[in-house]
Amino acid sequence: MTPRENALAILRGQPAEALPTVCFGYWSQTLSRWAQQGHITKEDAEGYCAQGDGGEADRRIMARLGFDFVWSPAVTPHTGLLPSFDVRVVEERPDGGRVIRNAEGLLTLVKPGLCSIPAEIGTSLLSRTVWESAYLPRLQFSAARVRYDLSRLPPPQKREAPLGLHCGSLCGYMRNLLGVQQMSYLYADDPELYGEIVDTIAELCYRCTEAELGSGVVFDYAHFWEDICYRNGPLVAPSVFREYFAPHYRRITKLLRDYGVELVSLDCDGKIDALLPIWLENDVQVMFPIEVGTWGGSIGPWRAQYGSSVRGVGGVNKHVFSKDRAAVDAEIDRLTPLIAAGGYLPCPDHRLPPDTDFALVQYFCDRLHRLPPPRPQQA
């Protein structure tokens, strides 16, 4: 069986011949450091930054590390602002920090030497007038959004890795437009506009998904991106999420099932426990990347509570790769019972940070390849 066939069998609770090793990418600073150390070429480090996950450079890097594939959908229609806003510097600060209006109209503070996500400090979407004039026209469906050359995609029998279709982002993209604080205020101050923004984004995601599915390509899984949780839980109240967003998930997952796509994956960092039942109720079953964090995130307790309907990709504490082999061994030992139960593919719980030891990642992949294949899930 190929890595694709093994991965799909495991997530479907079926027998597999081997456990595939799954990647979640790297920070650009990580690749620069590895190139300086001679583990990868400078060209591949730069090529990854230009091509992204799953590109030719990434495939060469994964081969050096021992990963079989990256969990990232290859087909990604444009579900954001089209055209986007021009990125411009709004303010230069004495300490070298810059306030930048990004492509979504969000005001962000970029500090010198920053390696993480810039702080959001404001938004351009301050009124219904601005929404209707500057945002709503940019969130309409057009053929230009379905931008991927689908003729390049291999048929299922020739794929080494699962082929995913990105269905967009419902709540996460709204957060990108407004910021967490303003999104929260908007729900309280103008729930009608809040609902209109949700409905507009969701309709665009539906139309893009429908267009890609109508191409005739057979997709192995579908994927959403959200990132709407932090270490203490969701950034949106579960009751609000259920009322405004759940119906749109249901509509899109029904469309996917109509086209034979049964596995639906969702990318959300942070502690997702309070939103998990809502996703499960609406046929989103594969949680990714199951960030371990300070709260000890794991698929284990979810399985105990909700049963084998919960699937997962992720859950490997990325910080063990900055330590030693004993730490990697302990992490694999912790995950082995979960792997053996099926329905779960171990993968680093986020992109590998700059302090990652290249040799430890190689060791991790080698050890995973030596594990016995998972047992089928029990209903």
Side-chain angles (χ1 to χ4, degrees), residues 1-22 24 68-69 71 73 161-165 167 219-224 226 229 238 241-242 246 249-250 252-254 256-293 295-317 331-349 368 371-379:
M1 297 172 70
T2 64
R4 166 187 173 268
E5 290 168 336
N6 279 314
L8 295 178
I10 290 168
L11 291 176
R12 291 168 178 160
Q14 300 166 348
E17 292 180 353
L19 177 70
T21 49
V22 186
F24 183 17
D68 291 316
F69 58 81
W71 192 259
L163 176 67
L165 168 61
C167 298
F219 294 98
D220 295 315
Y221 70 99
H223 188 75
F224 290 92
E226 290 295 12
C229 297
F241 193 78
R242 186 184 296 279
Y249 273 107
R250 169 64 62 177
I252 295 173
T253 58
K254 181 183 183 302
L256 291 165
R257 289 198 313 276
D258 289 344
Y259 280 87
V261 182
E262 297 180 356
L263 290 174
V264 182
S265 166
L266 182 130
D267 177 348
C268 187
D269 297 345
K271 186 176 181 181
I272 69 171
D273 300 56
L275 298 181
L276 178 59
I278 302 173
W279 281 317
L280 293 175
E281 290 164 11
N282 292 284
D283 289 331
V284 180
Q285 330 92 331
V286 184
M287 299 299 124
F288 172 83
I290 315 178
E291 192 174 8
V292 177
W295 56 94
S298 170
I299 194 175
W302 303 339
R303 279 282 180 78
Q305 185 170 0
Y306 301 108
S308 61
S309 61
V310 186
R311 327 288 170 82
V313 178
V316 177
N317 190 339
E331 185 69 358
I332 293 175
D333 290 345
R334 179 180 72 86
L335 296 172
T336 296
L338 301 174
I339 296 168
Y344 167 62
L345 300 173
C347 168
D349 67 350
L368 284 192
L371 290 180
R375 300 186 301 269
Q377 279 182 296
Q378 300 298 314

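Note: hydrogens, waters and symmetry copies are ignored here, and every other heavy atom, side chains too, is used.
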Rounded to the nearest 0.5 Å, what's the gap from [atom1] on [X] to [atom2] on [Y]? Could you check?
X: R303; Y: S309; atom1: CZ; atom2: OG; value: 8.5 Å
X: L368; Y: L19; atom1: CG; atom2: CG; value: 5.5 Å
X: L11; Y: N6; atom1: CG; atom2: CG; value: 11.0 Å
X: L266; Y: M287; atom1: CG; atom2: CE; value: 5.5 Å
X: E262; Y: L8; atom1: CD; atom2: CG; value: 11.0 Å
X: Q285; Y: S265; atom1: CD; atom2: OG; value: 9.0 Å

What pair of heavy atoms forms the shortest contact from [X] to [Y], and how long is it?
X: P348; Y: P289; answer: O-CB, 4.4 Å
X: A246; Y: N282; answer: O-OD1, 3.4 Å
X: P373; Y: A18; answer: CB-N, 3.9 Å
X: P346; Y: V316; answer: CB-CG2, 3.8 Å
X: A7; Y: P162; answer: CB-CG, 4.2 Å
X: G315; Y: D349; answer: N-CB, 4.2 Å

Tell me if a side-chain donor or acceptor on [X] pairs with a main-chain N or O of [Y] at a distance below 3.5 Å.
X: R311; Y: G13; value: no
X: R4; Y: M1; value: no
X: Y306; Y: P301; value: no
X: D220; Y: L163; value: yes
X: E331; Y: N317; value: yes
X: D68; Y: T21; value: yes

Review point. Stepwise, does the ring pair (Phe, Tyr, Trp, His ring centres under 6.0 Å) test hold for Y259 with F219?
Key: CA-CA 9 Å; Y259 280 87; F219 294 98; 9.4 Å; no
Atom pairs and distances, donor-acceptor, side-chain atoms in residues 269-278, under 3.5 Å, two or more places apart:
{"unit_1": "D269", "atom_1": "OD2", "unit_2": "H350", "atom_2": "NE2", "d": "2.9"}
{"unit_1": "D273", "atom_1": "OD2", "unit_2": "W302", "atom_2": "NE1", "d": "3.2"}

Review point. Between W71 and Y221, does the ring centroid distance fall short of 6.0 Å?
Key: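 Under 6.0 Å, so yes.
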Practice item. Could you list the residues that satisfy ring pair (Phe, Tyr, Trp, His ring centres under 6.0 Å) with F224, not counting sequence neighbours? Key: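 So F224 forms a ring pair (Phe, Tyr, Trp, His ring centres under 6.0 Å) with Y249.
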Review point. In this structure, which one of I290, V310, V313 forms a side-chain contact (heavy atoms from CB on, under 4.5 Å) with Y344?
Key: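 Running side-chain contact (heavy atoms from CB on, under 4.5 Å) over I290, V310, V313 with Y344 returns exactly one hit, I290.
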Exercise for review: Mind running side-chain contact (heavy atoms from CB on, under 4.5 Å) on F24 and D267 for me, showing each step along the way?
Suggested key: CA-CA 11 Å; F24 183 17; D267 177 348; 4.1 Å; yes
Check your understanding: Which is it for I339 and L371 under the side-chain contact (heavy atoms from CB on, under 4.5 Å) test, yes or no, and what are the steps along the way?
Key -> CA-CA 9 Å; I339 296 168; L371 290 180; 4.0 Å; yes
Check your understanding: Heavy atoms, side chains only, cut-off 4.5 Å: are V292 and R334 in contact?
Key ->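 Heavy-atom side-chain distance check passes, below 4.5 Å.
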